[in-house]
Amino acid sequence: MRGFLIDSDYVKGGEFPHARLFVKRGKEVITCIDPNFRPYFYVIADRPSRVAKAISKLEVEKGGKTVRARSVEVVKRALLGKEIQAIKVTFDHPNDVAPLRHEIGDFHEVQGIYEFDIPLERRYLIDHGLVPMSGIEIRGEPQDGKIIVREAPAHVEVPEPELNVMSFDIEVYNPTGNPRPEKDPIIMISLADNRGLRKVLTWKDFGLNLDYVEVVKDEREMLCRFIQLVEKRDVDVLLGYNTDLFDFPYIRERAGKLGVKLKLGRDGSEISVKKRRFATVTRIPGRVHIDLYAAVNFLATIGAIKLINYTLENVYKHVTGKKKPDVEFSDFCEAWEGGGEKAKRLLEYSMSDADATLELGLEFLPLLFELSRTVKQSLFDISRMTSGQLVEWLLIYEAHKRGELVPPRPVGGEYLERRKDTYVGAYVMEPVRGLHENLVVFDFRSLYPSIIVTHNIDPSTLNCSCCKPEEATEVPGLPHRFCAKKRGFIPAILERLITDRAKLKGEMKKLDEGSREYRSIYNRQWALKIIANSFYGMLGYPRARWYSKKCAESVTSFGRRYIKDTIEMARREGFEVVYSDTDSLYCKLNGKTREDALRFLDRVNEAMPGVIELELEDFYKRGIFVSKKRYAVIDDRNKILVKGLEFVRRDWATIAKKTQEAVLEAILRDGSPEKAARIVRSVTKSIIEGKVDLEDLVIYTQLKKSIGDYLSIGPHVAVAKRLREMGRVVEPGMLVAYVVVKGSGSVSDRAVPVEELRGKDYDAGYYIGHQVLPAVMRIMEVLGYGEDDLRYGRAKQTKLGKFI
DNA sequence: CCGATT
DNA sequence: AACGGCTAATCGG
């Protein structure tokens with residue numbers, strides 16, 4: 001049978017552990033059971049054949065049963081590029097692994113045990129070279145509506161079938177502001193799918209006659225109907241927003257109370273809510289549950305989106321440009337109890353949550369599919385991974401293909417040791433402060449990946465023994481050399497990602513940007529880019545399996561060398577370099593032409609080794625440089641690009657950011673510092689007169705740890721304390737919103753939670769002196785303005801005259 | 001005022 | 001559960 005592999009897992013329970021594959025063929029999803037896959041690990045020991053013999057004789061008592069290895073063999077493998085003999089120990093049952101591992105670990109000849117911590121569902125995909133969200137060929141026999149796999153399945157190409165995608169969301173009766181699953185019922189479940197279903201399930205009839213509302217008897221019936229609809233619509237991918245942390249755990253607790261079995265699985269099995277160390281995740285056998293909040297978080301960490309907070313409303317607005325209806329949480333109970341217009345709004349809101357989740361999901365799924373295919377791990381796992389984990393799982397797959405053993409993760413003290421061992425990063429030039437005209441910006445294309453590939457940077461090629469000192473590549477300023485003869489593991493894989501991406505970008509150019517094919521190739525190259533860009537970070541990450549501080553610091557050292565050399569070359573050619581950070585440089589044309597800039601680019605690239613390449617980023621007609629990491633430029637189409645200024649930060653009040661933005665526009669677009677000064681004076685005036693919207697005064701700061709762990713009580717910590725006293729749930733990671741009000745004491749003493757503002761006056765002096773003026777002064781100062789020129793009512797005509 | 005914390 | 005560099009506000013002795 002050939003089909004499309006949408007999900008897989010490994011069932012450990014019972015006597016017959018087996019891998020399970022869910023394969024879509026036409027409109028049907030077929031469950032395939034593979035009982036032939038066994039857990040194993042590798043042992044590295046001094047005298048391999050002797051130790052192998054001892055392991056094969058080893059017996060351990062566990063739970064009244066005698067546990068022993070199923071088979072033991074000595075095999076050839078490589079450890080960081082070096083050939084070694086390893087002992088492969090295979091087991092009958094996953095439960096046998098741990099007791100035997102501990103026993104074997106105690107052998108004094110044993111140096112290490114490898115790959116014991118690779119989850120079996122992942123191991124299965126890796127060992128068979130399978131590609132999730134792609135084709136699979138299976139040979140086996142049908143049995144009870146399933147297929148029992150007889151031969152190892154293989155990856156094949158098949159066309160992508162239409163998948164059934166559904167989104168859902170719950171609303172909870174919520175009188176205290178903190179939903180309590182033991183008391184507060186779920187009052188609505190909304191659903192939407194990619195074949196036109198739109199529905200809100202609820203158990204109170206408001207007599208509103210809305211076509212998308214289905215009224216059932218009670219909460220219990222509602223949960224049953226939800227399960228029934230998932231089954232009936234034959235859902236392949238179930239989308240939610242924050243469903244790992246909120247909806248599913250809540251549903252599970254309510255279902256437990258009401259005696260409902262959450263049989264959402266394809267085979268009628270129940271969902272499993274797994275508590276991980278830092279998160280909770282919900283798996284639905286045979287269907288892929290995707291929590292889009294995790295996906296959005298991922299896009300935020302790689303810098304693809306940047307928002308103040310990542311609520312569904314905000315993300316939806318940012319991605320689609322559309323606003324979705326909003327309801328105050330305090331209105332929930334009133335709506336539920338009172339009915340009428342408020343109930344109608346709540347139903348609309350509930351529906352819009354599912355609609356927005358579906359739309360977002362359909363937007364992000366193609367990228368997640370490509371990441372899954374590239375890394376070769378399941379969509380479910382991929383959608384919850386960080387970029388470092390994506391790289392690591394791709395490396396584990398590639399290591400297996402080459403017979404390389406996977407390095408272990410650091411344990412205990414080793415992690416702490418690694419973390420202490422810091423190293424020097426990128427070069428950042430002190431900018432030439434002020435306003436500059438006619439800029440050209442160059443940057444190195446994927447500088448760090450290019451360095452790794454060009455200089456063969458890998459733990460196995462570091463200070464190799466095969467090259468003479470003059471043959472190997474010397475790292476500038478560091479006592480490290482990299483092999484010039486044997487290709488390293490990491491550079492080889494990274495090089496393939498980069499060349500594959502270059503090919504895809506070539507194909508994209510031939511296609512119409514609106515076409516389906518273009519979107520597909522775009523997402524494929526984007527997945528490759530995301531992963532390629534994460535290799536360097538992984539090398540420097542103390543928890544990574546392929547961590548190597550020496551490799552990481554070599555990358556940054558080469559980076560500093562190339563950017564500094566380029567700055568020197570630009571200066572010698574007569575360009576004035578006004579700023580540079582890591583891989584980019586901002587030059588003043590200084591009377592030279594754009595053609596001169598292109599010729600300079602060619603000369604730099606002639607001097608660059610390997611795949612390292614400087615590119616022309618753009619020309620800018622004007623730019624203002626404030627300090628390191630803080631600047632703004634305007635291009636030929638009058639588009640302003642702002643970096644690092646308060647404008648893009650959430651820990652500043654909107655009023656400060658808006659004013660700064662207006663000031664930047666006045667300076668860059670209109671070339672008028674006078675206009676900028678007028679804007680600031682008018683804003684300070686309206687602050688003093690109390691005319692500013694409260695929402696423009698809110699400052700957001702994330703609580704990074706538990707209140708008790710803070711040594712210094714900043715405004716957001718003081719507010720968090722107050723929220724806790726009010727009975728609100730306060731936990732690390734929450735975004736604290738506050739306003740500074742009039743009164744005495746420190747800023748923290750006067751910081752008030754947004755929901756407690758009624759009847760209090762904001763502190764105009766604080767917002768002028770500590771928000772608007774500092775944000776704006778950073779810009780105005782470099783133009784020669786002083787604070788007194790900008791405060792309302794205190795403008796000095798003399799100094800202003802200079803600019804008029 | 002200034003180093004530490006965020 | 002990706003890196004380091006960097007600015008700046010506020011606390012608190």
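Keep in mind the model is a prediction, meaning the values are calculated, not measured. Naming: A, B, ... by sequence-line order, numbering from 1 per chain.
Each of C/dA2, B/dT6, C/dA1 was ranked by its minimum atom distance to the side chain of A/R409; first place goes to C/dA1.
For residues 531-540 of chain A, the side chain to side chain donor-acceptor pair (under 3.5 Å) pairs, not counting sequence neighbours, are A/Y423-A/Y536. Within the structure, the salt bridge (charged side-chain N to carboxylate O under 4.0 Å, His left out) test picks out the following pairs touching residues 385-398 of chain A (sequence neighbours left out): A/E392-A/R545, A/E398-A/K401, A/E398-A/R402, A/E398-A/R496. Within the structure, the side chain to side chain donor-acceptor pair (under 3.5 Å) test picks out the following pairs touching residues 738-752 of chain A (sequence neighbours left out): A/S746-A/D749, A/R750-A/D763.
Scanning residues 525-540 of chain A for heavy-atom distances under 4.0 Å to DNA chain C yields A/Y536, A/G537, A/G540.
Checked against side chain to side chain contact (heavy atoms under 4.5 Å, CB included), A/V97 has the following partners two or more places apart in sequence or in another chain: A/P39, A/F41, A/F91. Partners of A/F369 by ring pair (Phe, Tyr, Trp, His ring centres under 6.0 Å), not counting sequence neighbours: none found. Applying the ring pair (Phe, Tyr, Trp, His ring centres under 6.0 Å) criterion to A/Y541, with sequence neighbours excluded, gives no partner residue. Take A/F558 and apply the ring pair (Phe, Tyr, Trp, His ring centres under 6.0 Å) test, not counting sequence neighbours, and it matches A/H455. Legend: residues meeting side chain to side chain donor-acceptor pair (under 3.5 Å) with A/E617, ordered by chain and number and at least two apart, are A/Y620.
The shortest distance between the side-chain N/O atoms of A/K705 and the OP1/OP2 oxygens of B/dT6 is below 4.0 Å.
Ring-centre distance between A/F489 and A/W546: below the 6.0 Å cut-off. Aromatic pair A/H436/A/Y579: ring centres not closer than 6.0 Å.
At a threshold of 4.0 angstrom between heavy atoms, the contacts of A/A426 are confined to the sugar-phosphate backbone, with no base atom among them. Nucleic acid contact for A/V391: none, since no nucleic acid atom lies under 4.0 Å from a heavy atom of the residue.
In this structure, A/F625 atom CZ and C/dC6 atom P are separated by 17 Å, rounded to whole Å. Separating the CZ atom of A/R418 from the C1' atom of C/dC3 is a distance of 15 Å, rounded to the nearest angstrom. When rounded to the nearest whole Å, the span between OH of A/Y448 and P of C/dC3 equals 14 Å.
Every stem involving DNA chain C, taken as at least 3 paired positions in a row under the Watson-Crick or G-U wobble test at 3.5 Å, is listed here: B:1-6 with C:8-13.
When only modelled atom types and interatomic distance are considered, A/T556 and A/E553 share no side-chain donor-acceptor pair under 3.5 Å.
Heavy atoms of other residues, nucleotides or ligands lying less than 6.0 angstrom from NZ of A/K376 number more than 12.
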Protein-proximity profile, nucleotides 7-13 of chain C, B/S/- by nucleotide at the 4.0 Å heavy-atom cutoff, equals SSSSSS-

Output a table of nitrogen or oxygen pairs between the protein and nucleotides 1-3 of chain B separated by less than 3.5 Å.
none

